[in-house]
Amino acid sequence: MIEHSYIDAFGNEHDVPEATIDALRSAIGPPADAGPLVMRAGESRQVDAAEIVLENGTTVEVRGELPTDLPLGYHRLIDDNDDRSLIVSPGRCHVPPNRTWGWSVQLYSVRSELSWGIGDMGDLRRLAEWAVDRGAGLVLVNPMGAVAPVTPRQPSPYFPASRRFLDPIYLRVEDVEGAGAVDLDRAANAGRALNRGEIVDRDDVWRIKAEALERIWEKSPPGGGFEAWCDERGGALTEFAVWCVLAERHGPDWRQWPAAVSRPDRPEVKRVAQEDRQRVRFHQWLQWLCRKQFQAAAEGLLFMNDLPIGFDPGGADAWTWQDQIATGVTIGAPPDEFNTRGQDWGIPPFTPHRLREADYAPFIQTIRSNLVQGGGLRIDHVMGLFRQFWIPAGADPAEGAYVRFPSSDLLDIVCLESVRSRATVVGEDLGTVEPGVREELAERRMLSYRLLWFEHEEPQAWPEHSMASVTTHDLPTVAGMWTGSDLEEQQALGMAPNVESTQRIRQRIAQMTGLGTDADLRDVTAAVHRLLARAGSRLVCAALDDVALAERRPNLPGADHVRPNWSIPLPVDLETIVSGSHSRRIAEILASGGDDAET
């Protein structure tokens, strides 16, 4: 389960220190009981005399061999000695029938005339409508997972309190049912004044929005549709809402709470849920609003959520699943080409055998809640389904080690949920990728990731089962790369950038586009996207940051303490983007497959 050495992105082998091995063994603990039986449709397995209780309640008697025609789904396998979960998967993900292009967007950065200091669901709906009008069929949005409903608010979309629920800060308040019963003029003016700020001030945004939403809740309580929705979501929604109430009382980190509420199953937690029921219902209502506005924005195109590899160790998911989480370690990455010191993401990992013992319920809930019906899912750092780089508390990232996960089971679950939702799955397979991973993803029909910054082949040669992009949120934008401003910022902040690699990418751009070093940035951006448009990939995704000619990337890993990561707005507003000639030019290039006039 623990690998005693690893090979980094530069091909160097590292022996893992014995102290790391000991720390990880302690974190993993003793083995747990056997988990579920996961198999593919059409497979045959030998079993003792047993009874299968199918998902729909039907029972099937079994003697000696499981039927090969079991339906897809989550069933129970029961015999005289055991009752275990039986998961039947198609083994392959749903794949879109046609080639599609579209936009990736950091929603918080997309301000508009109607925004209250941060891009919201209304802006997302407007962006999606514009995308469809321009012939696009895809929108990939940054993770919008919930954070604690208090200030200061966590800015990173990849460090949510929960991956299963949404952050109400993205609500368009005026679009909330019942908003007409409340005078929102003062709140709207205060919110829109925040659009003039140089960074996205989530704390001020949340104070204004929370107060407005509370007034709507008091004046115009929701109708029967809300109650039915809550009943459908069951205990998970209630538990999350109770966590929100407790976070408002005791702070955002459950590890600092009184012992009486430190676990969801404590009697005091149940008492809070009963005695403060209205506040619990308020937080459930916020989730109902989020889902309604999100679904309205996602209608009519392949809408793709981005799934972080983990969550805040003090957040709601960690509180709920603390028995399945390893303590004293965090997930990160060894040194690579763009992060020469390695990375510690501060995210707690699931213990593999504890996850199995829980019938993979945390993983299933997370995948299911992020899949959009008829849409898609991008799994950030998909290698984490195979192995994760664990770093003991207090250790340097380079002193970590890889821990193996039950990848076959996890991939089968992703395939099952993908097919059920008719949703496309993309695995972000950048960085240090061990041999065989990309082949396994391809066999599962999970699209790989291809970046113009990294690939040395011409885009036309990229595999069909992939999603093509120029860059990602963690890498330089086109403007930042071409002007050199991204490298200058890293050096000014005292980072350790890979100067040679950055220069090679810039030289390759010049060679591939045929442009000189004095070329206009708009022409460079157009030429780069002309290359991207010719990719052989099934999905082609351009970053809205590049359309807006943004020089500063959304996130510079390792610079949270010196830079406003995840809080940098686009340099132009949404109205300028949807009406501008440059965005129209990029859209025409992508829609034409790169065959437009190049003048």
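Numbering of residues begins at 1 and proceeds along the displayed sequence.
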Presence of salt bridge, [Y] and [X], under 4.0 angstrom:
X: Arg354; Y: Asp323; value: no
X: Glu55; Y: Arg420; value: yes
X: Lys270; Y: Asp265; value: no
X: Arg215; Y: Asp183; value: no
X: Arg192; Y: Glu174; value: yes
X: Arg249; Y: Asp276; value: yes
X: Asp573; Y: Arg111; value: no
X: Arg164; Y: Asp317; value: yes
X: Arg563; Y: Glu489; value: yes
X: Arg378; Y: Asp380; value: yes

[X]/[Y] aromatic ring centres below 6.0 Å:
X: Tyr360; Y: Phe350; answer: no
X: Trp103; Y: Trp130; answer: yes
X: Tyr158; Y: Trp566; answer: yes

Output yes when a side-chain donor or acceptor of His529 lies under 3.5 Å from a complementary backbone atom of Thr525, and no otherwise.
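Checked: pair present.
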Side chain Ser369, main chain Gln365, donor-acceptor under 3.5 Å
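Present.
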Closest approach of [X] and [Y], non-hydrogen atoms and distance?
X: Ala146; Y: Leu166; value: CB-O, 3.5 Å
X: Ile169; Y: Lys209; value: O-NZ, 2.7 Å
X: Ala247; Y: Val150; value: O-CG1, 3.7 Å
X: Asp120; Y: Leu114; value: OD2-O, 4.4 Å
X: Pro313; Y: Arg255; value: CB-NH1, 3.6 Å

Is the closest side-chain donor-acceptor distance between [X] and [Y] under 3.5 Å?
X: Thr238; Y: Gln284; answer: yes
X: Thr320; Y: Glu239; answer: yes
X: Asn142; Y: Asp306; answer: no
X: Ser115; Y: Asp123; answer: yes

Do Asp175 and Arg125 pass the side-chain contact (heavy atoms from CB on, under 4.5 Å) test, and can you show the C-alpha distance, the side-chain angles, and the key distance before you say yes or no?
CA-CA 12 Å; Asp175 291 350; Arg125 186 178 65 250; 3.4 Å; yes
Looking at Tyr108, does the NZ or CZ of Arg202 lie under 6.0 angstrom from its six-membered ring centre and within 45 degrees of the ring axis?
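That pair qualifies as a cation-pi contact.
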So, is the end of the Lys219 side chain (NZ or CZ) under 6.0 Å from the ring centre of Trp217 and within 45° of the ring's axis?
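Here Lys219 fails the 6.0 Å and 45° test against Trp217.
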Parallel, tilted or perpendicular: which fits the ring planes of Trp243 and Phe240, with parallel below 30° and perpendicular above 60°?
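Correct class here is parallel.
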Evaluate the ring planes of Trp345 and His381, with Trp represented by its six-membered ring, and classify them as parallel (under 30°), tilted (30 to 60°) or perpendicular (over 60°).
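Aromatic pair Trp345/His381 classed perpendicular.
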Any chance you could lay out the salt bridge (Lys or Arg N to Asp or Glu O under 4.0 Å) test for Arg279 and Glu248, step after step, and finish with the verdict?
CA-CA 10 Å; Arg279 193 62 182 176; Glu248 290 176 328; 2.8 Å; yes
